Amino acid sequence: MIDLKKRESNEDLDKERIIIDSLIHFKDIFNSISTVSLVLNSFRQIIFASNDFLKNFDLTSDNSIFGLRFGEVLSCIHAKESPHGCNNSNSCYLCGAFQAVLESEKTNQKVQKETRITTNKNGDQASLELSISSVPIKLSNKQFYIVTIIDISSEKRKLQLERIFIHDLVNSAGGISGLSDVLEYSLTEETKTKAIDLIGKTSKVLLDQIISFRNILSAESGELEVKYSEVFSGDLIDEAIVLVSNNKSLHTTIVKDANSENILFVSDKLLVNRILVNMLKNAAESEKNPESIITIGSKLTDDTIKFWVKNNGIIPDFVQKQIFQRSFSTKGSNRGLGTYSMKLLGEKYLKGKVGFISNENDKTQFYIELPYKK
């Protein structure tokens, strides 16, 4: 059985590096091919890194990463969850990079996997989507693994945005088209009035979807402008409830928490509203019981204002570990930006903290804590 905690001794690591250094043509060939690659030992530690790998991850030499594991070099948010480092937390078992190397160790065959990795460098979080291949190779009778990394983030992001955007637009535009037919063939003034009202509400949902995707694009490119103003938390909550309730595909009841406080504070009204709407939509889409009630509220502490959204479902443990990764969703291939955008907008731009709890006692509660400014 493979011991995931164990690492090679420094003496044996140096011997393995000598093997690679002695193979001059191997290193030349390795660096002549335009690939982001690593050579790992049987303990999944880095023995050698290609020039493209160093360049891609802003490293000056592979001496600084010698003996480390992949997630430790990338500053994966899960790399320090275990005292034994990368490959040893519960989250690591869901990592495609770890699975690819481990499977190639067991099968002695080339294995390719895709993985999502959330990194945290100097407080800045980023989401990477990578294609990882691991190929076993014997060098001087010693087992190594050539790991090739291809960044497919842009490709995945573009595809995901297109799918989600088109999916949402088709649903909303289809609803407006259907209501227009109802309006055209209405026989009574009452029916016409209801159709006009629904067209107005559905049009607002459509506009909201377009603004949402525009914000995500601007946020990811670093071009999103934060516009501060005074706003009441109760008004933000009311607006979010109305907007999500107008979405007829979500069959749940949303109410304001009885203990919610109406607080005057300073923030970006549109961005906070966007986060609250995403929290409500996420809760509504996850509810299986149409009679369930979702609650939303806000309260003030000494230096933060906290918004929360609570529903009665419980998120499985393996889902909890991936919840804020871009493109991850349990709702199908056309989803996966709601929770990611909460984190992106709430922490990078509003300087708050976005998180959640989910267990039998508390059920599921997503929250954002924002700096309290008057």
Side-chain angles (χ1 to χ4, degrees), residues 1-76 78-80 82 84-89 92-117 119 121 128-153:
M1 184 176 179
I2 298 173
D3 187 350
L4 300 177
K5 299 178 182 178
K6 187 176 179 182
R7 300 194 186 216
E8 196 79 276
S9 67
N10 290 335
E11 182 181 353
D12 288 334
L13 279 173
D14 290 336
K15 290 179 181 178
E16 291 172 338
R17 182 58 178 262
I18 290 172
I19 293 174
I20 301 298
D21 288 341
S22 66
L23 301 171
I24 300 174
H25 295 300
F26 172 81
K27 292 177 65 176
D28 290 341
I29 293 171
F30 204 76
N31 281 320
S32 67
I33 303 172
S34 296
T35 56
V36 178
S37 304
L38 297 168
V39 175
L40 307 184
N41 65 10
S42 56
F43 295 90
R44 298 161 304 287
Q45 293 170 270
I46 297 172
I47 305 301
F48 177 75
S50 71
N51 290 336
D52 283 336
F53 181 90
L54 299 176
K55 181 180 179 181
N56 198 70
F57 294 105
D58 298 322
L59 300 166
T60 54
S61 74
D62 60 356
N63 291 329
S64 60
I65 61 174
F66 179 60
L68 298 180
R69 287 175 173 157
F70 184 59
E72 293 159 356
V73 174
L74 266 63
S75 300
C76 172
H78 302 298
K80 295 182 179 180
S82 165
H84 304 289
C86 180
N87 290 184
N88 284 279
S89 76
C92 294
Y93 291 92
L94 302 171
C95 175
F98 173 67
Q99 292 173 358
V101 178
L102 202 63
E103 192 173 324
S104 68
E105 285 187 60
K106 293 178 180 179
T107 63
N108 202 36
Q109 300 288 326
K110 176 181 178 179
V111 176
Q112 185 170 345
K113 302 276 187 181
E114 290 186 4
T115 189
R116 289 179 295 270
I117 295 178
T119 65
K121 292 185 178 180
L128 298 176
E129 290 167 270
L130 308 172
S131 175
I132 308 286
S133 65
S134 176
V135 180
I137 184 173
K138 284 273 190 179
L139 298 172
S140 300
N141 294 319
K142 189 77 174 178
Q143 185 68 58
F144 295 95
Y145 300 88
I146 297 178
V147 175
T148 303
I149 303 106
I150 300 175
D151 189 343
I152 56 174
S153 300

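All residue numbers in this chain count up from 1 along the given sequence. Because the structure is a prediction, the values reported are computed rather than measured.
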Could you state the interatomic distance from [atom1] ([X]) to [atom2] ([Y]), rounded to the nearest 0.5 Å?
X    : Y    : atom1 : atom2 : value
I149 : L128 : CD1   : CG    : 11.0 Å
Q143 : F43  : CD    : CZ    : 12.0 Å
N87  : Q45  : CG    : CD    : 9.5 Å
F26  : F144 : CZ    : CZ    : 8.5 Å
N56  : T35  : CG    : OG1   : 11.0 Å
S89  : H84  : OG    : NE2   : 11.5 Å

Go through the structure and list residues passing salt bridge (Lys or Arg N to Asp or Glu O under 4.0 Å) with K121, not counting sequence neighbours.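 None.
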Kindly write out the residues that satisfy salt bridge (Lys or Arg N to Asp or Glu O under 4.0 Å) with K110, not counting sequence neighbours, or none if the list is empty.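 In terms of salt bridge (Lys or Arg N to Asp or Glu O under 4.0 Å), with neighbours along the sequence ignored, K110 is linked to no residue.
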State, to 0.1 Å, how close [X] and [Y] come at their nearest heavy-atom pair, and which atoms those are.
X    : Y    : value
C92  : C86  : SG-C, 4.4 Å
C95  : T115 : SG-OG1, 3.7 Å
Q99  : Y93  : NE2-O, 2.7 Å
L68  : R7   : CA-NH1, 4.5 Å
S104 : S134 : OG-OG, 2.7 Å
K27  : I20  : CD-O, 3.4 Å

When you measure from the side chain of [X] to the backbone of [Y], do you find a donor-acceptor pair of N or O atoms at a distance under 3.5 Å?
X    : Y    : result
S131 : I150 : no
N51  : N31  : no
E114 : L130 : no
R116 : E129 : no

As a quick check of understanding, evaluate side chain to side chain contact (heavy atoms under 4.5 Å, CB included) for F53 and L59, giving each step before the final call. CA-CA 8 Å; F53 181 90; L59 300 166; 3.9 Å; yes
Report the C-alpha separation of L38 and V101 in whole Å, then their side-chain angles, then the decisive distance to 0.1 Å, and conclude whether the side chain to side chain contact (heavy atoms under 4.5 Å, CB included) test is met. CA-CA 12 Å; L38 297 168; V101 178; over 6 Å; no
Using the six-membered ring wherever Trp is involved, compare the ring planes of F57 and F70 and label them parallel, tilted or perpendicular (cut-offs 30° and 60°).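 Perpendicular: the ring planes of F57 and F70 meet at over 60°.
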Pair L54, T60 - check side chain to side chain contact (heavy atoms under 4.5 Å, CB included), show working. CA-CA 6 Å; L54 299 176; T60 54; over 6 Å; no
Any Y145 side-chain heavy atom under 4.5 Å of I47 side chain: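 A side-chain contact is absent here, since even the closest heavy-atom pair is not under 4.5 Å.
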So D12 and K142, do their side chains get closer than 4.5 Å, heavy atoms only?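 Side-chain contact under 4.5 Å: no.
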Under the criterion side chain to side chain contact (heavy atoms under 4.5 Å, CB included), I'd like the reasoning laid out for K15 against I19: C-alpha separation, chi angles, the key distance, then a yes or no. CA-CA 6 Å; K15 290 179 181 178; I19 293 174; 5.8 Å; no
